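Down below is the structure, laid out as structure tokens.
What you are looking at is a predicted structure, and each value in this text was computed from that prediction instead of being measured. Residue numbering restarts at 1 for every chain, and letters A, B, ... go by the order of the sequence lines.
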There are 2 protein chains.
Amino acid sequence: MSELTFRGLDIGRIEPGEDLVEAILETTGDEYPLQDGDVVAITSKVVSTAENRLVDADEVAVTDRDERVGDVTGLDPREVAVIYEESEVLGAIPVADIGEELILERAVDREAAEEAIEKMPSVLVTDRNGRICTNAGVDWSNSPEGMMTVLPEDPDESARRIREELETQTGVDLAVLLADSEIMGAGTMDLAVGCSGIDAVDSNFGRTDLYGEPKIGGLDLIADELTAGSALLFGQADERIPVVVIRGLDYDDGEGIPNSGGLIRRGLRKTIQLTARLKAREWI
Amino acid sequence: MSELTFRGLDIGRIEPGEDLVEAILETTGDEYPLQDGDVVAITSKVVSTAENRLVDADEVAVTDRDERVGDVTGLDPREVAVIYEESEVLGAIPVADIGEELILERAVDREAAEEAIEKMPSVLVTDRNGRICTNAGVDWSNSPEGMMTVLPEDPDESARRIREELETQTGVDLAVLLADSEIMGAGTMDLAVGCSGIDAVDSNFGRTDLYGEPKIGGLDLIADELTAGSALLFGQADERIPVVVIRGLDYDDGEGIPNSGGLIRRGLRKTIQLTARLKAREWI
């Protein structure tokens, strides 16, 4: 049988400094005891909260640069300051300018949507320790009033620590993923930002296809596929399902999300070069 | 209870022109009868095969432009010809040049991987009827010798037709998604290219968060999250699981994948403009 089960866990609201592993084990308890091979996907937001990775906006030191970048992007200069501290800023996407019409058209509450867009009309594209993400993962939502949440300092390390604590207390072998929402085209999807106990990328490149030919592909982004599927259950707003247990997957052991920074930068440069050559050769 | 089940169906190898709906119903049969609300995710490859969307490479008329583009990208000029016929070509990504080392490092069979890369050292970035994809979905793998598979002419329409046939024969309400592998950073993931009976994008923008604040986000790419999760079960090579049934999801009715072409083009242009302004304002 080939079947996967994604089970969402309502662990309630996690308060800053709370023991996340205990909250997970209380919820799984006798009702859904963890088993060997389970993958536990957790939103990075709830891990950050448990790790006290909160920044009080009023205590942020804002520089002239932060004011200028805030001015050009429409972002709160205090958020800009935190993003620059957390990452290298590569660029900016004017989300409202591109998609405001689409967003408002689909909003459940137009007024609240307008307020949200006003607060974040753009996002910064950032390189955080070799991984590309938006706003360095800094986020006001689901944070206490006036506070921003930043990503765990080392999300792979957080995943490893949670995995080991869960394993010690349950005696089963697990994998743990940290998930964060990312903009992809016309919407968002949860991708993996931290990983422990599972190989994030499946290594099947060069396998043969149904007709015996070597197959392009097979570098499946397993970790991202797991977090994307989990996002169907994660509470994106006032729901409280920040943890999903995936059961039934056959996977390889591994640690960490591969760094994408160098690859994506090199990829962008080489893609622009080849595109220019291609466009020239279309005609002559 | 908040739980989703992803069940892979081994429907065997689908031959050109075969009745896909019959093959699905034979496999679900008494063993896993379809239920109201099930989402049926199907690889576009198997839908194309059933729809006879195969092109004999030897019968493709190749122009000088196709030869020149083949020369600069390393792609077979016959494949180039088919891609230009299927889509508007926006650019090219030199996959081998960017990531050959990474790919070979992870290959299960190095020789086969080298052969695969030699056959496809680059991919073209294409706009197919307003949707951005690579190589217009044209693909040699899992195709009979010397044949290329092209996407269904209208993937949304194919999804609708399959959904209606399945519904007529089973008497239950379903959603159907067509999935295709796409390059994302350092690997690939299955995204939705066709959709019927489900709203591809969740409309929660403007909902409030745990702390009562309007929340950025909530444009969840439901269809892509479902195909990404299904990819954990799809046979990427010689496995034969091209259909996954997802059970337990609460979703809205809808039709079609929103066109991304205009949005992404506009987005790229505006992103480059804002990034230039941002970089200038970092300093003065």
Residues in side-chain contact (heavy atoms from CB on, under 4.5 Å) contact with A:Thr134, at least two apart in sequence or another chain = A:Val123, A:Glu182
inquiry  = Looking only at heavy atoms and a cut-off of under 4.5 Å, which of A:Asp10, A:Asp71, A:Leu221 has the most pairs with chain B?
reply    = A:Leu221
inquiry  = Given heavy-atom pairs under 4.5 angstrom as the criterion, report whether the side chain, backbone, both or neither of B:Pro258 touches chain A.
reply    = neither
query = Looking at B:Asp64, B:Ile132, B:Thr227, B:Leu226, which has the largest count of heavy-atom pairs under 4.5 Å with chain A?
reply = B:Leu226
key: Heavy-atom pair of closest approach, residues B:Asp224 and A:Met189   = O-CE, 3.8 Å
ask   = Do the side chain of B:Arg68 and the main chain of A:Arg281 share a donor and acceptor less than 3.5 angstrom apart?
value = yes
query = Are A:Arg7 and B:Glu3 ion-paired here, with the side-chain N under 4.0 Å from a carboxylate O?
reply = yes
Atom group of B:Leu90 that falls short of 4.5 Å from chain A, counting heavy atoms = backbone
task = With a 4.5 angstrom heavy-atom cut-off, could you sort out which part of A:Val125 is near chain B: side chain, backbone, both or neither?
result = neither
task = List in chain and number order the residues that pass side-chain contact (heavy atoms from CB on, under 4.5 Å) with A:Gln273, two or more places apart in sequence or in another chain; answer none if no residue qualifies.
result = A:Arg269, A:Lys270
note = So, the part of B:Tyr32 with a heavy atom under 4.5 Å from chain A: the answer is side chain
query = Non-hydrogen atoms of chain B under 4.5 Å away: do they reach the side chain of A:Leu124, the backbone, both or neither?
reply = side chain
note = So, the part of A:Ser122 with a heavy atom under 4.5 Å from chain B: the answer is side chain
task = Please determine, among B:Gly267, B:Pro144, B:Gly91, B:Gly8, the option with the most heavy-atom pairs under 4.5 Å with chain A.
result = B:Pro144
request  = Please report the closest heavy-atom contact between A:Glu225 and B:Thr188, naming both atoms and the distance.
outcome  = OE2-O, 3.9 Å
message = Are more than 12 heavy atoms, taken from residues, nucleotides or ligands other than B:Glu118, located less than 6.0 Å from that residue's CD atom?
response = no
key: Note, A:Leu4 side chain near B:Thr5 side chain (heavy atom, < 4.5 Å)   = no
query = For A:Tyr251, is it the side chain, the backbone, both, or neither that has a heavy atom closer than 4.5 Å to a heavy atom of chain B?
reply = neither
key: Portion of B:Asp199 that has a non-hydrogen atom of chain A nearer than 4.5 angstrom   = side chain
remark   = Pair count under 4.5 Å, heavy atoms only, with chain A: among B:Gly187, B:Ala276, B:Gly229, highest is B:Gly187
note = Closest heavy-atom pair, B:Arg266 versus A:Asp97, reported as atoms and distance to 0.1 Å, is NH1-O, 3.8 Å
ask   = When B:Ile93 is tested against each of A:Leu268, A:Thr271, A:Leu274 for side chain to side chain contact (heavy atoms under 4.5 Å, CB included), which residue passes?
value = A:Thr271
task = Over all heavy atoms of both residues, which pair between B:Val72 and A:Leu278 is shortest? Give the atoms and the distance, please.
result = CG1-CA, 4.0 Å
Side-chain heavy atoms of A:Trp283 within contact of B:Arg65, under 4.5 Å = no
key: Distance, nearest 0.5 Å, that separates OG of B:Ser181 from CG of A:Leu219   = 11.0 Å
ask   = Which answer fits A:Ile222, side chain, backbone, both or neither, if we ask what part of it has an atom under 4.5 Å from a heavy atom of chain B?
value = both
Interatomic distance, A:Ile246 atom CD1 to B:Leu232 atom CG [nearest 0.5 angstrom] = 8.0 Å
